[in-house]
Amino acid sequence: MTERVAGQIVQPGAVVPGFVEVDGSVIVEVAARNRAGDDIVLPGFVDLHCHGGGGHTFTTGDPVAARAAAAFHLRHGTTTMLASLVSSPFALMRDATAAYRALVADGTIAGIHFEGPYLSAVRCGAQNPAYLRDPSIEELRALVDLGGGAVSMVTVAPELPGATDAVAYLVAAGVIAALGHTDATYEQTVAAVAAGAAVGTHLFNGMRPPHHREPGPVIALLNAPALVCELVADGFHLHPGILAFAARAAGPDRAALITDAMDAAGMPDGEYDLGGQAVVVADRVARLARNGSIAGSTLTMDLALHRAVAAGIALPDASAMASTTPARVLGLGDRTGALSAGLAADLVVLSPDLEVKRVMRAGRWVS
Ligand SMILES: [Zn+2]
Ligand SMILES: [Zn+2]
């Protein structure tokens, strides 16, 4: 059964009035047509970094909560996502890997992202310092073997002992090595990129700030020709000028919008928990109760896209950053992340003011 979704179709580098024709779970045609209406049709969003939403968290390894968190973000247009855990004891990482295998198998999530625990104590942000430790290939091997393909990405700080070997192990095992929560020098970061690191975890946040005589990780990551930089476009994590600068410096093919959302996304202000630490959300900003450090975000991908456009990033570029580039990072570029014949019918329909109207995943309207 075919269905046509008409509107302003967001394509690489252009927005064209027309329609997307869907047959079953697949896009079969994308064509231009006059009088297509004002709705904006984009590829479904792909979120590489998300800890929860709608009052539900990925960080405890509970599959029921994880399904609810994924469903919340799906209603906001995220058709593909990783489930991110903050720094945790190994037993929790192992149990979460075992519990989330079924969710990866049925497509609820694309994989698991371990943000730590191999991170810098100096740049730990809202990561629980009690769980930070040096990289362990034994732990990583156990998780990768247990996951059977479910472990998609691991964030490490490149300056820690054994970090370069850990990056090389991950890459050889088919897992994305990401660099973040780091106090590394420029040179240490370059070495980890040379070992195969492919993603910078929330560029600028949780990193030694750049200096013109010690550029540090931010500039090393922006300079790396094939590395994708995650950006938290919530208006708090990054000044809009920095967001626009980073997107321009990396280009839409190397910049990915992420939510880094915690369970408080879509929920009222109040008290929450992130990896065993108390978090207070006030005016949509989540901060650790003990020191005021920014603790994840309350973003959804539709709002991240909106903020990116408000920062001056052209809609086709923002769409590439929200879908095409992160899909490619996950190795899913031949399945989703763009509106092209042959790809999955994952799409978001926005109003002209960029509010979500409808979301389709694999050919089925979910909202
Ligand atoms: Zn973080
Ligand atoms: Zn995070």
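Remember, it's 1-based here, ligands and their atoms both numbered in the order they're listed.
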The residue among Asn205, Asp234, Ile258 that forms side chain to side chain contact (heavy atoms under 4.5 Å, CB included) with Ser297 is Asp234

The test is salt bridge (charged side-chain N to carboxylate O under 4.0 Å, His left out); show your working for Lys357 and Asp39 and say whether it passes. CA-CA 9 Å; Lys357 291 180 76 171; Asp39 286 350; 2.9 Å; yes

Trace of the ring pair (Phe, Tyr, Trp, His ring centres under 6.0 Å) decision for His237 with His202: CA-CA 9 Å; His237 280 71; His202 47 55; 7.2 Å; no

The Zn ion (ligand 1) - name of the N/O/S atom of His181 that sits closest to it: NE2

What N/O/S atom of His51 is the closest to the Zn ion (ligand 2)? NE2

Would Arg307 and Asp302 count as a salt bridge (charged side-chain N to carboxylate O under 4.0 Å, His left out) here? Give the steps. CA-CA 9 Å; Arg307 296 233 184 241; Asp302 54 330; over 6 Å; no

The atom of Asp260 among N, O or S that is nearest the Zn ion (ligand 2) is OD1

Can you name the N, O or S atom of Glu115 that is closest to the Zn ion (ligand 1)? OE2

The Zn ion (ligand 2) and His202: any N/O/S contact shorter than 2.8 Å? no

Pairwise side-chain contact, Val167 with Leu179, heavy-atom cut-off 4.5 Å (strictly under): yes

